[in-house]
Number of protein chains: 2
Amino acid sequence: MKEALYESGLFHGIKADKVDEILQTIHHQYKSFQKDEYLYYSGESCEDMNLLVEGSVRGEIVDFRGKVVKVEDIFTPDVFAPAFLFATENNLQVDIIANTKVRVLRISKREMIELLNRHPRIMENYLRIISDRFVIITQKMKFLSLKTMRGKIAHYLLMREKRKQQNKQIRKHKTQEQLAEYFGVTRPSLTRELKIMEKEGLIYLQDKEIKILDKARLLDLMRR
Amino acid sequence: MKEALYESGLFHGIKADKVDEILQTIHHQYKSFQKDEYLYYSGESCEDMNLLVEGSVRGEIVDFRGKVVKVEDIFTPDVFAPAFLFATENNLQVDIIANTKVRVLRISKREMIELLNRHPRIMENYLRIISDRFVIITQKMKFLSLKTMRGKIAHYLLMREKRKQQNKQIRKHKTQEQLAEYFGVTRPSLTRELKIMEKEGLIYLQDKEIKILDKARLLDLMRR
DNA sequence: GGAATTTCGTAACATATCTTACAAAATGGT
DNA sequence: ACCATTTTGTAAGATATGTTACGAAATTCC
């Protein structure tokens with residue numbers, strides 16, 4: 001659990017014993033949550049920095065009434081909702097829900113500002129964390145703005161391909177059910193479209209995996 | 001033009017002569033652009049902080065092929081693309097285009113970090129700027145994730161209402177053409193839906209303005 | 001290895017939005 | 001006040017995706 005801290009983006013580039021030393025100089029606390037417990041409700045204001053040291057949480061966008069889209073999963077040892085802490089309107093736009101048993105390190109905004117001022121490295125780290133999250137959400141938005149289901153499928157497949165080639169984390173296989181949710185469409189519609197794309201020779205469905213056959217035409221699909 | 005600096009979020013809470021003094025200690029430059037000139041292309045890496053001191057720019061999301069969505073307009077005296085400067089993957093996801101004749105203050109990343117370390121107030125300001133932008137884009141995403149056109153119309157109208165009541169900038173009337181683009185639908189479809197909603201007594205179309213008649217039912221529409 | 005559960009394939013029909021086209025109405029310039 | 005241009009209203013047919021329902025195939029559990 002402590003190791004999570006040392007490996008976190010927040011303390012990146014700072015030696016373990018130095019991290020301990022720094023933590024002794026500031027108020028902080030650990031808090032635990034059960035699986036499926038809400039860490040924050042949408043609309044609630046965020047007064048603390050939250051660093052996951054055990055487990056994972058998800059952010060879900062909520063509208064005035066019901067859930068709409070899962071934004072993303074955050075895993076140990078990442079900070080979640082880094083931006084809402086410092087925003088003028090610091091009310092969370094999302095629900096934060098524990099995927100598993102969870103433990104977080106909490107540091108108040110006031111203390112956090114102190115920390116950032118005293119430790120240039122942590123400041124740079126925190127800026128990077130917020131900024132990276134911003135980039136991710138921008139990409140997500142780009143994805144949502146794709147109009148057709150084909151476009152989304154093509155985008156998803158090509159990104160996955162790209163990640164594989166860069167040897168980044170190869171994430172586990174998603175079921176069509178999960179994919180459909182990710183795309184914001186219904187499962188039967190997704191299946192239908194996938195089969196049509198297969199007939200057209202764009203992709204190949206094998207062992208519940210989706211293989212790319214015609215990359216060029218997939219790229220073409222994303223025009224609109 | 002100088003006044004823009006003093007009123008900017010970046011130097012908020014810092015007196016004008018102090019701003020001048022600070023600027024003398026760090027390298028910086030001013031750069032001008034014509035209307036419609038590209039300040040940055042999507043994919044280009046961002047190595048400088050950019051503070052608008054004259055004019056306005058817009059960010060446009062670009063896909064592998066064509067434009068998709070206008071993200072937002074940035075006006076003097078705001079910073080644009082504040083997150084990309086510090087992101088690990090610091091390639092811009094958007095095109096930045098001059099809406100008008102534009103002048104920007106540029107400070108390199110290295111100098112910027114110096115600045116943030118030396119001046120706690122500027123650091124807090126910069127964090128707030130990034131964070132606020134994050135909140136805006138999250139809201140935008142929330143909007144995009146609304147499935148039905150009715151939901152989007154309802155959301156838009158209710159937000160506009162809210163802004164009016166808070167006496168925030170009352171933006172100029174949008175044509176149906178512009179609204180349709182904003183919603184990502186075609187113009188005839190929007191007109192049709194608006195007329196139907198009018199018949200149902202939800203809204204009232206008068207002088208090209210959309211008036212709210214039944215707030216409660218509009219709220220209801222956003223469920224899905 | 002058989003039963004229970006999950007995942008996938010498919011079909012018929014419903015609905016929302018798009019496409020294209022045209023005309024009416026409003027607006028702006030001179 | 002008139003003409004040119006923009007904006008809005010409308011309609012018919014096309015297309016994409018949703019809904020519901022059911023069976024087949026695959027996977028997991030005991």
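Letters A, B, ... mirror the listed sequences (proteins, then strands); counts begin at 1. Side chains included, hydrogens not; waters and symmetry mates left out as well; all remaining heavy atoms used. Values in this document were obtained by computation on a predicted structure and should not be read as measured data.
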Between C1' of D:dA16 and CD1 of A:I153, the distance in whole Å: 12 Å
Atom pair distance, as rounded to whole Å: CD in A:Q178 and C1' in C:dT6: 11 Å
Main-chain N/O of A:E200 paired to A:R217 side chain as donor or acceptor, under 3.5 Å: yes
B:E60 and B:R58 ion-paired at < 4.0 Å: yes
Rounded to 10 degrees, the angle between the two terminal axes of the helix from C:dG1-D:dC30 to C:dT30-D:dA1, each from five pairs: 60°
Over 12 non-hydrogen atoms of neighbours within 6.0 angstrom of OH in A:Y204: no
Value in whole Å for how far the C1' atom of C:dG9 lies from CD of A:Q206: 17 Å
Atom pair distance, as rounded to whole Å: CD in A:E193 and P in D:dG18: 10 Å
Rounded distance (Å) that lies between atom P of C:dA16 and atom CZ of B:F183: 17 Å
Protein-nucleotide distance (A:E209, atom CD; D:dA25, atom P), rounded to Å: 21 Å
Pair B:N91-B:F84, side chain to side chain contact (heavy atoms under 4.5 Å, CB included): steps then yes or no: CA-CA 7 Å; B:N91 299 319; B:F84 289 103; over 6 Å; no
Spacing of A:K147 atom NZ relative to C:dT17 atom P, expressed in whole Å: 13 Å
Using a cut-off of under 3.5 Å, enumerate the N/O to N/O pairs linking the protein to nucleotides 7-14 of chain D.
residue, atom, partner, partner atom, Å
D:dT8, OP2, B:Q176, N, 2.6
D:dG9, OP2, B:Q176, NE2, 2.8
D:dG9, N7, B:R187, NH1, 2.9
D:dG9, O6, B:R187, NH2, 2.9

N-O pairing of A:E193 and A:K152 below 4.0 Å: no
Check: B:F143 ring centre within less than 6.0 Å of B:Y182 ring centre: yes
Side chain to side chain contact (heavy atoms under 4.5 Å, CB included) involving B:R106 - partner list, sequence neighbours excluded: B:Q29, B:K31, B:F33, B:Y40, B:D48, B:N50, B:V104
Under 3.5 Å side-chain donor-acceptor pair for A:S56 and A:D73: no
Lys/Arg N to Asp/Glu carboxylate O, B:K195 vs B:E198, below 4.0 Å: yes
Nearest-angstrom distance from the residue atom CG of B:L146 to P of C:dT17: 12 Å
